[in-house]
Q: 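Quick one: the structure is below, questions incoming.
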Amino acid sequence: MFFCIFNRIQFFQTMISKKVNSVQQALEGITDYMTLLVGGFGLCGIPENAIAELVRLNVKNLTCLSNNAGVDNFGLGLLLQKHQIKKMIASYVGENAEFERQMLSGDLEVDLIPQGTLVERCRSAKMGIPAFFTPAGVGTEVAVGKEVRTFNNKQYLLEYAADADFSLTKAWKGDEAGNIVFKGTARNFNQSMCGAAKINVVEVEELVPLGALDPNEIHVPGVFVQRIFKGEKYEKRIEKLTLSE
Amino acid sequence: MFFCIFNRIQFFQTMISKKVNSVQQALEGITDYMTLLVGGFGLCGIPENAIAELVRLNVKNLTCLSNNAGVDNFGLGLLLQKHQIKKMIASYVGENAEFERQMLSGDLEVDLIPQGTLVERCRSAKMGIPAFFTPAGVGTEVAVGKEVRTFNNKQYLLEYAADADFSLTKAWKGDEAGNIVFKGTARNFNQSMCGAAKINVVEVEELVPLGALDPNEIHVPGVFVQRIFKGEKYEKRIEKLTLSE
Amino acid sequence: MLTKEQIAQRISKELEDGFYVNLGIGIPTLVANYVPEGINVEFQSENGVLGMGPFPTKEQVDADLINAGKQTITTLPGASFFDSELSFGMIRGQHINLTVLGAMEVSQSGDIANWKIPGKMVKGMGGAMDLVASAENIIVAMMHTNRAGESKLLKQCRLPLTGVNCVTKIVTNLAMLTIEKHQFVLQELAPGVSIDYVKGVTEGELVISNNCKVMEF
Amino acid sequence: MLTKEQIAQRISKELEDGFYVNLGIGIPTLVANYVPEGINVEFQSENGVLGMGPFPTKEQVDADLINAGKQTITTLPGASFFDSELSFGMIRGQHINLTVLGAMEVSQSGDIANWKIPGKMVKGMGGAMDLVASAENIIVAMMHTNRAGESKLLKQCRLPLTGVNCVTKIVTNLAMLTIEKHQFVLQELAPGVSIDYVKGVTEGELVISNNCKVMEF
């Protein structure tokens, strides 16, 4: 609580707290058939603790929108193993053999979307833009059934905002007010997804005190976050270790 | 220059330099009848040095897109005094009597646009989105002549990306590579405008060495900037000083 | 009759714990002075700040730190700065729970006019059109009549509209009214103001709520 | 015939001072090894980094720092990180000067197919569709023929397209060709490769440039 003087009148005021104490609390309300936005690029910046909890909850028939589908035994691959995902909306799924098996056998519905369109659809949901035009996919099977319009002699497709029940994202540091910052390329889809769903859950490596984050450097202000928690542990698996020597 | 080893092969590599040494160099190429995006909100975060140079250059018949039109003797008001602006595209112009005079007399064309639409039009230009739907202005005179479409039982207007020759913005710190960071609410329109025009000029209070800015905290990466320079001086005039006692 | 401060004070009772609030210029700004104890709200200003604190002392003044009314401000620990794009994303995406703004006219359908008097005053809509087109919870703070004594609560707005069908509640110097089914519904009277008096200065359809009472402070 | 490294080396000659470059997975990634001395380029990776440096030493490895091919990387002083939204803004907004990517097929109209073999391989397009739909300067790096020895330079692509009318230049193990007026134009031959040989493995319309020469390294 901070004590402030506002125009000669005194009032107590502090931030709205978004902190929950466990991944269980954070994921409360996720049920079968829901649509989830899941942050990360490959295995970089994925919400490891939330995914582990989804496995434990054993919710089924999920629709997951995520850039990738993890690898066979990590990331969203863990949900695929247990057949918890009914439909996957992604841009690249090349690192997951189980995924390919389920897709080719018809067990898994798959919607492949250009990466820039995928993230812009999340951003649009977050920002209250119902639809936008983008050139990605014009003239390809991605364009089938979509409105095409020409602006300045170039063709564009009309794409729609994503619609999701929960977003599950991962940040580096965050505070009780829900403000978060990312590190390196672990930012990727997390920034746009956080705020794009009805309930936005973010897990962080470090919860810092209010005021510890520079207000100029916050990547997602707390208004977009409904629940924030400190992840218990992070494996941060590296997909393709590449060294210079 | 940095010396690096890349996959066993040695190469020299450093960033692309965007630095120019004067406001004169930075504004080279601005001519009569051009369209300029000018950052700032009120007098906060305006590109003071670039505006002063526009006055000196005495370019005429400009179209300026900026949230406000300055005050009578500062900000874009300086250009209005000299009748350098033919058309103003803004959201709020209530602080400028000269502006009102020129508009009501018909000397100045004015296009008033909802603030969120104005900034989204800049962002769209920067991001290669030719058009988007927004609810702002539905049912008002802003909607006249615009395409209206319903999504989820709510009406939206189709709005287009801005099209400009130069953007003139102001940041707090920047480096030679064109990376910039803002401070406080001086960020406002500057972030979206920087990168939205054909040539994007940014002036900074401080030019710092490459590597001095944390790569996680850069608000506009240098790729969006064509020219960066250190402003000679900043008055940073306060429009409405309001104190708590 | 309420003072401007009392209008703000009455509106502050609409604040709920956990609300993000955008306050317009004028009377709405005063609402920040009356946040009820025990609830936490955060104030957003559309020029790019969340978590606004009190106005600054002389020593705290920073030209890079203003609100949408161009007034100097301070921030509280946990505040954040962002650009106009993200700021209007918050507004358009309905992440802000309550918007309070002034008006020149409000119609019984919830239309609002507050940005232009043709031929006379053209200040521009600023962020108001985005706010009223997006917010789910819009309260108008204004005087019940204009300087000429004419009603500002109309059947139809005469001035150019800022938004249609959007205002849910109005607090004036005379009363608190809701808008339901294209009617103004009188919910609360300012102390010392009669129902008949409100009727007399309300041009639009006015019905009296069964629970109509005198405002409490 | 060129090795993969030589294909990359030839493409590196297309780099100009001040270019921002996006390199796809595979041969394109190797182009970074051959930046000509005296010019500065910056490498963008669409997962959110500009100013990529060499691969890390064991000590430098950071799981939070990868390229779009999921390989661990380092950054140079002056680098920046950003989210996927801004990254594809750079791409869509044509702020990236050169895109180099691999392909399974290219047509004489500049169409490209590189993301799907129906019933066999469905990895997804990743960022390729955004890149080819937006970039003004697209170079394809690939083998001239597939494993079965069939031409990958076709009249029309047979596989599902990634983009239409977008490829401007191709560097294969046999030649460098441009695409002009719905024809492949043979500009340079790999050392030891004859015009007739290239003709024999190019299914699409092929014309020989008046200035056709042997590649120099």
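Lettering follows sequence order; numbering is per chain, from 1.
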Q: Would you indicate whether A:Lys198, at its atom NZ, is surrounded by more than 12 heavy atoms from other residues, nucleotides or ligands within a distance under 6.0 Å?
A: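 Yes, because the 6.0 Å sphere around NZ of A:Lys198 holds more than 12 heavy atoms from other groups.
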Q: Just wondering, are more than 12 heavy atoms of other shown residues or ligands nearer than 6.0 Å to OH in A:Tyr33?
A: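 Counting neighbours around OH of A:Tyr33, 12 or fewer heavy atoms of other residues, nucleotides or ligands fall under 6.0 Å, so no.
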Q: Any chance CD of C:Gln156 has more than 12 other-residue heavy atoms, nucleotides or ligands included, within less than 6.0 Å?
A: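 Counting neighbours around CD of C:Gln156, 12 or fewer heavy atoms of other residues, nucleotides or ligands fall under 6.0 Å, so no.
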Q: Within a radius of less than 6.0 Å around CD of A:Glu147, do more than 12 heavy atoms belonging to other residues, nucleotides or ligands occur?
A: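 Yes.
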Q: So does C:Asp17 have more than 12 non-hydrogen atoms from other groups sitting under 6.0 Å from CG?
A: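 Buried by this count: over 12 neighbours within 6.0 Å.
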Q: Identify the two heavy atoms, one from C:Glu85 and one from A:Arg123, that lie closest to each other, and give their separation to 0.1 Å.
A: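 Where C:Glu85 meets A:Arg123 most closely, the heavy atoms are OE2-NH2, 3.0 Å.
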Q: Would you say NZ of A:Lys86 has more than 12 non-hydrogen atoms from neighbouring residues, nucleotides or ligands within 6.0 angstrom?
A: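 Buried by this count: over 12 neighbours within 6.0 Å.
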Q: So which atom in C:Asn40 and which in A:Ile16 form the shortest heavy-atom distance, rounded to 0.1 Å?
A: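 That would be O-CG1, 3.6 Å.
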Q: Taking the side chain as every heavy atom from C-beta outward, state whether A:Pro221 and C:Met90 have any atom pair closer than 4.5 Å.
A: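 With C-beta onward as the side chain, the pair touches.
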Q: Between C:Gln44 and chain A, with a heavy-atom cut-off of 4.5 Å, which part of the residue counts as in contact: side chain, backbone, both or neither?
A: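 Answer is neither: C:Gln44 stays 4.5 Å or more from chain A.
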Q: Which atom names give the shortest non-hydrogen contact between C:Glu42 and A:Ala177, and what distance separates them?
A: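 Nearest heavy atoms, C:Glu42 then A:Ala177: OE2-CB, 4.5 Å.
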Q: Is there a donor-acceptor pair under 3.5 Å between the side chain of A:Asn216 and the backbone N or O of C:Phe81?
A: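 Not a single qualifying donor-acceptor pair exists.
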Q: Return the minimal non-hydrogen interatomic distance between A:Met15 and C:Gly78, and the atom names on each side.
A: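 Here A:Met15 and C:Gly78 meet closest at SD-O, 3.6 Å.
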Q: Provide the closest heavy-atom pair for A:Met127 versus C:Leu86 in the form atom of the first, atom of the second, distance.
A: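 Scanning both residues, the minimum pair turns out to be CE-CD1, 3.3 Å.
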Q: First locate atom CG of A:Asn179, then atom CG of C:Leu50, and finally report the distance between them rounded to the nearest 0.5 Å.
A: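 Reported value, rounded in 0.5 Å steps: 7.5 Å.
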Q: Hey, is CG on C:Asp62 packed in by over 12 heavy atoms from elsewhere, all under 6.0 Å?
A: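 Buried by this count: over 12 neighbours within 6.0 Å.
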Q: Closest approach of A:Ile218 and C:Ser80, non-hydrogen atoms and distance?
A: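 Of all heavy-atom pairs spanning A:Ile218 and C:Ser80, the closest is CD1-CB, 3.7 Å.
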